[in-house]
Amino acid sequence: MDWLTRFLVAVAFLAAGVIFSPETFGSLSSGENSAKLLIFLKLAHLLSFATAWGAALWATFIGGIIMFKNLPRHQFGNLQSKMFPAYFTLVGSCCAISLSAFGYLHPWKSSSAVEKYQLGFLLSAFAFNLTNLFVFTPMTIDMMKQRHKVERENNIGDEVGWSKNREKAKTIPKLAAMNKKFGMIHGLSSLANILSFGSLAMHSWYLAGKMNL
């Protein structure tokens with residue numbers, strides 16, 4: 001099993017252990033059971049949101065930039081092609097858990113306008129990650145591999161940081177066309193990622209307003 005599968009299995013067993021433990025539902029009254037369930041759902045929502053927020057912050061603004069500045073460009077692209085499916089799976093799964101828990105705690109019919117907006121933000125973050133995982137990321141990876149092949153034929157791609165691609169593209173129409181298509185797809189993927197991050201940021205503002213320190 002890969003690391004993500006092991007992680008999800010561990011989380012599933014942890015959740016099952018908490019839900020079905022005697023301390024949670026065994027010898028407690030119905031009122032106490034409900035209180036325990038609410039605490040569990042709040043914990044699931046908070047931990048899932050924090051994981052999604054932290055992963056998005058690191059991947060978008062820190063990890064990717066450091067790798068880009070220190071790895072040969074083709075090596076950087078190949079690494080990103082392995083990391084991004086795992087990244088979008090993790091963040092999307094966390095958004096789904098956070099959305100489900102928040103939705104259970106705040107049913108639509110009885111929710112305030114602010115709470116309905118928060119459900120919308122969480123749903124948006126989930127949808128943007130799902131779109132990246134199943135639509136934009138596979139297209140980006142496929143286009144990247146095609147472009148890498150053409151670049152290797154022209155002895156470029158081993159440079160660190162900014163690419164020699166643009167100069168070569170001036171004399172290779174095929175590479176120029178690939179650059180245009182790759183830029184469009186990658187731009188849409190980046191936009192979806194930023195919109196997901198923004199949606200999570202809006203929800204973090206809501207959670208901060210609920211804290212009593």
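Predicted model, so just to flag it, every value in this text is computed and none were measured. Scope of the values below: all heavy atoms of this structure, side chains included, with no hydrogens, waters or symmetry mates.
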- Pair Phe126-Ser98, side-chain contact (heavy atoms from CB on, under 4.5 Å): steps then yes or no: CA-CA 9 Å; Phe126 173 66; Ser98 193; over 6 Å; no

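- Side-chain heavy atoms closer than 4.5 Å link hydrophobic residues (I, L, V, M, F, W, Y) into clusters, and following such links, even through other members, never connects Tyr117 to Leu122.
- Counting all heavy atoms, side chain and backbone alike, Ala169 lies closest to Asn179 at CB-ND2, 3.5 Å.
- The shortest distance between side-chain heavy atoms of His106 and Gln118 does not fall below 4.5 Å.
- In this structure, CG in Leu105 is found 8.0 Å from CG in Leu37, a value given to the nearest 0.5 Å.
- For the pair Leu200/Ser204, no side-chain contact is recorded, criterion being any heavy-atom separation below 4.5 Å from C-beta on.
- At least one side-chain heavy atom of Asn78 sits less than 4.5 Å from a side-chain heavy atom of His148.
- Separation of atoms OG (Ser111) and CZ (Phe102) is listed at 7.0 Å; rounding is to 0.5 Å.
- Atom CG of Leu195 is separated from atom OG1 of Thr131 by 10.5 Å, given to the nearest 0.5 angstrom.
- For the pair Leu79/Gln75, no side-chain contact is recorded, criterion being any heavy-atom separation below 4.5 Å from C-beta on.
- Considering Thr137, Thr140, Asn132 in turn, Asn132 is the only one that fulfils the side chain to side chain donor-acceptor pair (under 3.5 Å) rule with Ser189.
- Cluster membership for Met143 and Val150, using ILVMFWY side-chain heavy atoms within less than 4.5 angstrom, is shared.
- Ser100 places a side-chain N or O within donor-acceptor distance of the main-chain N or O of Ala96, the cut-off being under 3.5 Å.
- No continuous path of hydrophobic side-chain contacts links Trp205 to Leu123 [ILVMFWY only; heavy atoms under 4.5 Å].
- Hydrophobic clustering places Leu99 together with Phe49 (ILVMFWY residues linked when any side-chain heavy atoms are closer than 4.5 Å, directly or through intermediates).
- Nearest heavy atoms, Asn129 versus Cys95: ND2-SG, 4.2 Å.
- You'll find the side chain of His45 reaches within 4.5 Å of the side chain of His203, heavy atoms only.
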- List the steps, then state whether side-chain contact (heavy atoms from CB on, under 4.5 Å) holds for Thr60 with Tyr87. CA-CA 10 Å; Thr60 305; Tyr87 162 65; 3.8 Å; yes

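- Heavy-atom neighbours of Met202 CE from other residues, nucleotides or ligands within 6.0 Å: at or below the threshold of 12.
- Separation of atoms CD (Glu151) and CE (Met144) is listed at 10.0 Å; rounding is to 0.5 Å.
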- When you look at Met139 and Leu188, which way does the side-chain contact (heavy atoms from CB on, under 4.5 Å) test go after all the steps? CA-CA 11 Å; Met139 293 172 65; Leu188 290 172; over 6 Å; no

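- In this structure, Asp142 CG and Arg147 CZ are separated by 13.0 Å, a value rounded to the nearest 0.5 Å.
- Considering every non-hydrogen atom in both Ser81 and Pro85, the closest pair reads O-CD, 3.2 Å.
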- Item | Residue pair Val160, Phe76: steps toward the side-chain contact (heavy atoms from CB on, under 4.5 Å) verdict | CA-CA 9 Å; Val160 177; Phe76 166 74; over 6 Å; no

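- Annotation: the span from Leu175 atom CG to Asn154 atom CG amounts to 7.0 Å, rounded to 0.5 Å.
- Using a 4.5 Å heavy-atom cutoff, the side chains of Gln80 and Met67 are in contact.
- Under the ring-ring contact (aromatic ring centres under 6.0 Å, His included) rule, Phe197 has a single partner from Phe61, Phe121, Phe128, which is Phe61.
- Linking Ile, Leu, Val, Met, Phe, Trp and Tyr residues whenever their side-chain heavy atoms come within less than 4.5 Å leaves Leu207 and Leu47 in two separate clusters.
- More than 12 non-hydrogen atoms from other residues, nucleotides or ligands lie less than 6.0 angstrom from NZ of Lys116.
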